[in-house]
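Worksheet: the structure to be examined is printed underneath.
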Amino acid sequence: TNNYYPQRDGQIADLDTQALTSSGLLQRHLPESQVVKAFNHITWNQITADATPPGTQDRRALTVAGDDAVAKAQVTQLLDELGFDTVDLGPLTESWRIEPGTPGYGPRLNADELSAAVVAAVRAAPR
């Protein structure tokens, strides 16, 4: 659920130069864990407010990104159980596609809309 905000977190060189994503940095700090980025583009109160059963038209979608297929499958199942469709971004190196300032970060989007938003994302120039 982490997002990098330099004004809050201070400057982090590996993130400012885009050597790593915030999730990639977390994975580096937790080498024995399997990090899956999810829930970073929804507010806490929307988790219950926007949840709907599977098959609901325009069901809200959330992204997942991670380097371990089993861990991503577990998070995808959890998201479905909580009431959300999933858009898989691929590995943690692609998790920048749903960070602050990207089109998919924040708005309530269904799977098709979120898929289009993450494809349209442009990575900001290194700071």
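By the side-chain hydrogen bond (donor to acceptor under 3.5 Å, both in side chains) test, Thr63 is found to be paired with His41, residues two or more places apart in sequence or in another chain being considered. Annotation: salt bridge (Lys or Arg N to Asp or Glu O under 4.0 Å) contacts of Asp58 (sequence neighbours excluded): none. Under the side-chain hydrogen bond (donor to acceptor under 3.5 Å, both in side chains) criterion, Asp14 pairs with Arg28, not counting sequence neighbours. By the side-chain contact (heavy atoms from CB on, under 4.5 Å) test, Pro91 is found to be paired with Asp67, Thr93, Glu94, residues two or more places apart in sequence or in another chain being considered. Listed by chain and number, the residues in a side-chain hydrogen bond (donor to acceptor under 3.5 Å, both in side chains) with Thr43 are Asn45, Gln46 (sequence neighbours excluded). Partners of Thr102 under the side-chain contact (heavy atoms from CB on, under 4.5 Å) rule, at least two apart in sequence or in another chain, are Tyr105, Ala121. Residues passing the salt bridge (Lys or Arg N to Asp or Glu O under 4.0 Å) test with Asp50 are Arg60, sequence neighbours excluded.
Side-chain heavy-atom separations under 4.5 angstrom define the hydrophobic clusters, and the remaining members of the one that includes Leu92 are Leu26, Leu30, Val35. The hydrophobic cluster containing Ile47 also includes Val36, Phe39, Ile42, Leu62, Val64, Val75, Leu78, Leu79, Leu82, Phe84, under a criterion of side-chain heavy atoms closer than 4.5 Å among ILVMFWY residues, counted directly or through chains of members.
Put simply, the side chain of Pro6 does not reach to within 4.5 Å of the side chain of Ile12, judged on heavy atoms. Looking at heavy atoms from C-beta onward, Leu89 lies out of side-chain contact with Trp96 at the 4.5 angstrom threshold.
Side chain of Asn3 to main chain of Asn40: a donor-acceptor pair is present (N/O by atom type, distance under 3.5 Å, no hydrogens or angles).
Sorted by first and then second residue, the salt bridge (Lys or Arg N to Asp or Glu O under 4.0 Å) pairs involving residues 68-87 (not counting sequence neighbours) are Arg59-Asp80, Arg59-Asp85, Lys72-Asp88. Among residues at least two apart or in separate chains, there is no salt bridge (Lys or Arg N to Asp or Glu O under 4.0 Å) pair with a member in residues 109-126. Listed by first and then second residue, the salt bridge (Lys or Arg N to Asp or Glu O under 4.0 Å) pairs that reach into residues 32-48 are Lys37-Glu99, sequence neighbours excluded.
Nearest approach of Leu114 to Ala61, heavy atoms of both residues: CD2-O, 3.4 Å. When every heavy atom of Val119 is checked against every heavy atom of Arg97, the shortest pair comes out as O-NH1, 3.8 Å.
The OG atom of Ser22 sits 9.0 Å away from the CG atom of Asp9 when rounded to the nearest 0.5 Å.
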